[in-house]
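Report on the structure given below.
Values below: every heavy atom of this structure, side chains too, minus hydrogens, waters and symmetry copies.
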Amino acid sequence: MKKCMVAIVIFILLGCQTLQPDQSIASGTGGTASSTMTKSKQGDFSAVLSLPQKAKVYEVFTMKAELKKQTTQKITIQSRQKMFTFLIKDRSGKQINSYAIKDSGLARVISGKAVIPESYEYKIKKPGIYEVSAIAEFSVIENGKSKDFIIETEPKKIEIAP
């Protein structure tokens, strides 16, 4: 009986090891008059976020995020169905948007330099200045080994007018 308990404890301890994902928040680049773009880099990947600088209350606006692969080698990327999570926060730092995240995985084999685009539409009900960012979470599988990545764009602001 004691041997079984010891074996179960060892199994639980081995199974509960945490993965330490690489995290990077890099400085962004400037934008244009109609939209703001931010770029975050981590190794062979960069993430770009673009959105309008201004919108009106109850007006639907679109945020676009792109994950760019900078190398030409063939790799496999695993992620949720939607790679990016878009965060919108009010002036106090409270997140105002929410949506269901589907855990079904998606594996993509990518050759050469590639771009994985995603967009998210939202409308804000109250005027003010809001902060927007996008986070890409994925794993790269090479030679049977998996490496986790979390790339967060630099937060950008959008002004919502009455």
Side-chain angles (χ1 to χ4, degrees), residues 18-72 74-141 146-162:
T18 60
L19 296 174
Q20 296 296 326
D22 294 330
Q23 293 187 346
S24 173
I25 300 175
S27 61
T29 58
T32 63
S34 64
S35 69
T36 302
M37 295 182 69
T38 59
K39 187 183 272 189
S40 247
K41 284 190 172 186
Q42 182 173 322
D44 297 334
F45 300 95
S46 65
V48 176
L49 173 66
S50 63
L51 65 147
Q53 291 180 340
K54 294 182 180 186
K56 292 185 178 185
V57 172
Y58 290 104
E59 176 184 2
V60 175
F61 63 94
T62 302
M63 298 159 273
K64 296 178 184 175
E66 293 180 342
L67 180 71
K68 295 183 178 185
K69 180 177 156 281
Q70 309 296 334
T71 63
T72 56
K74 184 177 179 178
I75 61 168
T76 300
I77 292 180
Q78 270 188 320
S79 69
R80 291 188 300 265
Q81 201 67 22
K82 293 280 189 180
M83 181 176 297
F84 284 94
T85 303
F86 292 87
L87 304 174
I88 304 171
K89 296 179 182 178
D90 65 13
R91 203 175 269 279
S92 68
K94 179 183 174 193
Q95 184 175 333
I96 64 164
N97 67 322
S98 63
Y99 49 90
I101 295 176
K102 298 177 182 171
D103 279 340
S104 60
L106 178 65
R108 309 167 203 209
V109 178
I110 301 173
S111 299
K113 294 183 178 184
V115 175
I116 299 172
E118 287 184 14
S119 61
Y120 178 63
E121 292 183 341
Y122 197 74
K123 62 182 172 185
I124 297 177
K125 301 173 185 175
K126 295 181 182 177
I129 303 216
Y130 294 83
E131 184 179 270
V132 179
S133 62
I135 301 170
E137 295 183 60
F138 59 97
S139 298
V140 173
I141 301 168
S146 176
K147 184 175 181 182
D148 295 329
F149 288 85
I150 297 175
I151 301 177
E152 183 174 356
T153 63
E154 179 182 328
K156 287 296 176 184
K157 302 215 182 295
I158 182 169
E159 181 182 343
I160 304 299

Donor-acceptor list for residues 122-139 side chains, cut-off 3.5 Å, not counting sequence neighbours:
{"unit_1": "Tyr122", "atom_1": "OH", "unit_2": "Ile96", "atom_2": "O", "d": "3.1"}
{"unit_1": "Tyr130", "atom_1": "OH", "unit_2": "Lys126", "atom_2": "O", "d": "2.9"}
{"unit_1": "Ser139", "atom_1": "OG", "unit_2": "Asp148", "atom_2": "OD1", "d": "2.5"}

Exercise answer: donor-acceptor pairs, residues 78-86 side-chain atoms, under 3.5 Å, sequence neighbours excluded:
{"unit_1": "Arg80", "atom_1": "NH2", "unit_2": "Thr85", "atom_2": "OG1", "d": "3.2"}

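Note that the CD1 atom of Ile88 and the OG atom of Ser98 stand 10.0 Å from one another [nearest 0.5 Å]. Lys113 contributes atom NZ, which lies 7.5 Å from atom OG1 of Thr72 (distance to the nearest 0.5 angstrom). Once rounded to the nearest 0.5 Å, the distance linking CZ of Arg108 with CG of Leu67 reads 8.5 Å. Ile116 CD1 to Leu106 CG: the interatomic distance, rounded to the nearest 0.5 Å, is 8.5 Å.
Across all non-hydrogen atoms, the minimal contact from Ile158 to Ala55 is CD1-CB, 4.1 Å. Contact record, Gln95 with Asn97: NE2-O, 2.9 Å, taken as the closest heavy-atom pair. Shortest non-hydrogen contact noted between Lys56 and Glu59 is N-OE1, 2.7 Å. Smallest separation of non-hydrogen atoms from Val60 and Glu121: CG1-CB, 3.8 Å. When all heavy atoms are compared, the tightest approach of Val57 to Pro162 is CG2-CA, 3.8 Å. Residues Ile110 and Gly112 approach most closely at CG2-O, 4.0 Å, considering heavy atoms.
Considering only heavy atoms from C-beta on, Val140 stays 4.5 Å or farther from Ser146 through its side chain.
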> Would Lys156 and Leu51 count as a side-chain contact (heavy atoms from CB on, under 4.5 Å) if you check the C-alpha gap in whole Å, the side-chain angles of each, and the deciding distance to 0.1 Å?
Replying inline: CA-CA 9 Å; Lys156 287 296 176 184; Leu51 65 147; 4.1 Å; yes
> What do the steps show when you test Ile75 against Lys69 for side-chain contact (heavy atoms from CB on, under 4.5 Å), and what is the final call?
Replying inline: CA-CA 10 Å; Ile75 61 168; Lys69 180 177 156 281; 3.6 Å; yes
> Ile77 and Phe45: side-chain contact (heavy atoms from CB on, under 4.5 Å), yes or no, with the steps?
Replying inline: CA-CA 11 Å; Ile77 292 180; Phe45 300 95; 3.9 Å; yes
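Checked by atom type and distance alone, the side chain of Glu66 never pairs as donor or acceptor with a backbone atom of Lys68 at under 3.5 Å.
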